[in-house]
Amino acid sequence: MPSVLDPDLRRALAERVRYCREMGIYDFYRRESRFSDPTVGAEVGELASTSQEQREEMAARKSAQVAKTADKNILQVLTSHPEQSVADPVAALKLIREDLGDCTRCKLHKQGRKQIVFGVGNPRAELMFVGEGPGADEDTQGEPFVGRAGQLLNNMIKAMGIRREDVYIANIVKCRPPGNRTPERDECETCSPFLMRQIAAVKPKVIVALGAVAAKNLLAINAPMSELRGRFYDFIPSGPNGDSSWPGTKLAVTYHPAFLLRDPRQKGEAWKDLQMVMNYLGLRPPKKDE
Ligand code: SF4
């Protein structure tokens with residue numbers, strides 16, 4: 001029978017969770033009870049015929065069972081996100097954006113950002129691109145990949161036979177690092193749970209990580225691009241995604257468009273990565289007159 005958490009306790013926990021999230025704490029862990037045996041219960045009638053010692057032990061086991069049930073509920077409260085209660089990805093993304101708010105969770109909020117660059121595109125996209133972080137143009141316009149690198153990304157998407165509006169685009173961090181420096185580890189770790197939630201809301205079939213920073217953060221692998229590229233990874237966003245029927249997505253790695261602008265000789269290699277994705281998604285390049 002499903003158990004119900006006391007409303008006051010639930011409210012108090014929700015407050016605590018909100019406080020933790022504002023502090024940048026997202027993951028909660030449950031210490032296993034030493035009473036892990038589920039065969040507790042059905043002994044009420046036995047109580048009368050047992051010794052004091054046995055009764056105390058049985059009472060302890062029963063209270064452990066109650067604690068375990070409450071524990072499970074608490075865990076559900078602690079690890080759930082508001083968007084998990086909605087199936088519509090548009091509504092889910094809106095809830096995630098609201099939860100992000102005027103974010104001050106990492107130090108990038110006070111290092112000159114003009115605005116948060118949340119993400120853009122089709123909330124039901126089959127293909128998602130993830131970059132590193134906003135640059136100056138993105139910071140000004142509030143949209144990822146709108147500068148020169150964005151133009152090249154648009155061309156790459158077009159070469160795949162689709163439009164920018166068909167895909168979803170986001171970054172590991174949502175605020176511009178000063179001087180376009182690489183986002184630092186603590187900034188990525190604080191911000192990326194929101195990206196994970198965006199991925200879980202959109203549920204793309206394929207994610208393309210643009211550049212080493214995006215790839216390493218998504219895959220938690222520290223390897224050079226030469227090793228990261230050229231294959232698919234099975235990817236499930238960390239944290240609760242609220243849909244146990246979703247098997248996750250494929251993830252491929254290619255060069256960041258900004259790198260391709262600096263070294264156009266690598267465009268052929270990037271095209272090989274995109275062709276691998278196109279084959280998987282059944283996309284074909286546009287004909288000359290399209
Ligand atoms: S980078 Fe992310 S975590 Fe840091 S302040 Fe911006 S939105 Fe918040």
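Just so you know, ligand 1 is whichever comes first in the structure, and atom 1 is the first atom listed for that ligand. Heavy atoms only: backbone and side chains are in, while hydrogens, waters and symmetry mates are out.
Taking distances strictly below 2.8 Å, the protein N/O/S atoms close to atom 6 (Fe) of ligand 1 are C175 SG.
In this view, D166 and R163 satisfy the side-chain hydrogen bond (donor to acceptor under 3.5 Å, both in side chains) rule, not counting sequence neighbours. In terms of the side-chain contact (heavy atoms from CB on, under 4.5 Å) criterion, P247 has no residue partners (sequence neighbours excluded). Under the rule for a side-chain hydrogen bond (donor to acceptor under 3.5 Å, both in side chains), S192 has no partner lying at least two apart in sequence or in another chain.
In this structure, the ring of F129 has its center no less than 6.0 angstrom from the ring center of F145.
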Inset, instruction - Give the intermediate values and the outcome of side chain to side chain contact (heavy atoms under 4.5 Å, CB included) for residues D234 and K250. - result: CA-CA 5 Å; D234 291 320; K250 296 287 179 198; 2.4 Å; yes

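At least one donor-acceptor pair closer than 3.5 Å links the side chain of E138 to the backbone N or O of V146.
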